[in-house]
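Numbers here simply count residues along the sequence, with the first being 1. Just so you know, ligand 1 is whichever comes first in the structure, and atom 1 is the first atom listed for that ligand. Basis for what follows: all heavy atoms, side chains included, without hydrogens, waters or symmetry-related copies.
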Amino acid sequence: MDHKQFEAEVPTFLDDRLSNEELADFLEHYDECAACRDELSIQYLVRAGLPKLETGETFHLQKELDSCLRAARERLHRRKRLRSSAYILEVITLLACMAAIVITAVFI
Ligand SMILES: [Zn+2]
């Protein structure tokens with residue numbers, strides 16, 4: 001992922017509409033690139049911070065952005081785990097079907 005792509009995906013990230021692969025790439029670039037970390041801070045401030053400042057709520061940019069990113073990493077982790085357990089379940093089902101076919105073939 002390059003800076004341009006990162007910048008373009010920030011609104012999608014803030015809406016939580018990135019796919020798993022996109023989110024993984026996005027977070028990886030975020031970790032590696034200081035310029036894009038700044039970019040995300042600015043866009044996050046505009047998106048999430050300004051409405052709160054207008055209503056007079058306190059807003060800690062770095063703290064809230066950190067928890068937003070932590071939540072995104074947890075979501076990604078959970079989705080990946082969910083996908084691998086779905087895969088394992090599929091394999092087990094397939095094996096059970098094959099076993100049933102073999103047993104049927106042997107006993108009939
Ligand atoms: Zn960058």
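Of all protein N/O/S atoms, those under 2.8 Å from the Zn ion (ligand 1) are His3 ND1, His29 NE2, Cys33 SG, Cys36 SG, and waters are not counted.
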Derivation of the side-chain contact (heavy atoms from CB on, under 4.5 Å) call for His29 and Asp25: CA-CA 6 Å; His29 188 85; Asp25 287 349; over 6 Å; no
Go through Gln5 and Glu9 one step at a time and tell me if the side-chain contact (heavy atoms from CB on, under 4.5 Å) criterion holds. CA-CA 6 Å; Gln5 203 183 342; Glu9 283 187 0; 3.8 Å; yes
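Asp31 meets the side chain to side chain contact (heavy atoms under 4.5 Å, CB included) test with Arg73; sequence neighbours excluded.
Side-chain contacts under 4.5 Å among hydrophobic residues (ILVMFWY), followed directly or transitively, place Phe13 together with Met1, Phe6, Val10, Leu14, Leu18, Leu23, Phe26, Leu27, Tyr30, Leu40, Tyr44, Leu45, Val46, Leu50, Leu53, Phe59, Leu61, Leu65, Leu69, Leu76.
Ion pairing of Glu21 with Arg83 is present here, as a side-chain N (NZ or NE/NH1/NH2) and a carboxylate O approach within less than 4.0 Å.
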Residues 85-108 side chain polar contacts: donor-acceptor under 3.5 Å, at least two apart:
from: Ser85; atom 1: OG; to: Arg81; atom 2: O; distance (Å): 2.8
from: Ser85; atom 1: OG; to: Leu82; atom 2: O; distance (Å): 3.2
from: Thr93; atom 1: OG1; to: Leu89; atom 2: O; distance (Å): 2.7
from: Thr104; atom 1: OG1; to: Ala100; atom 2: O; distance (Å): 2.5

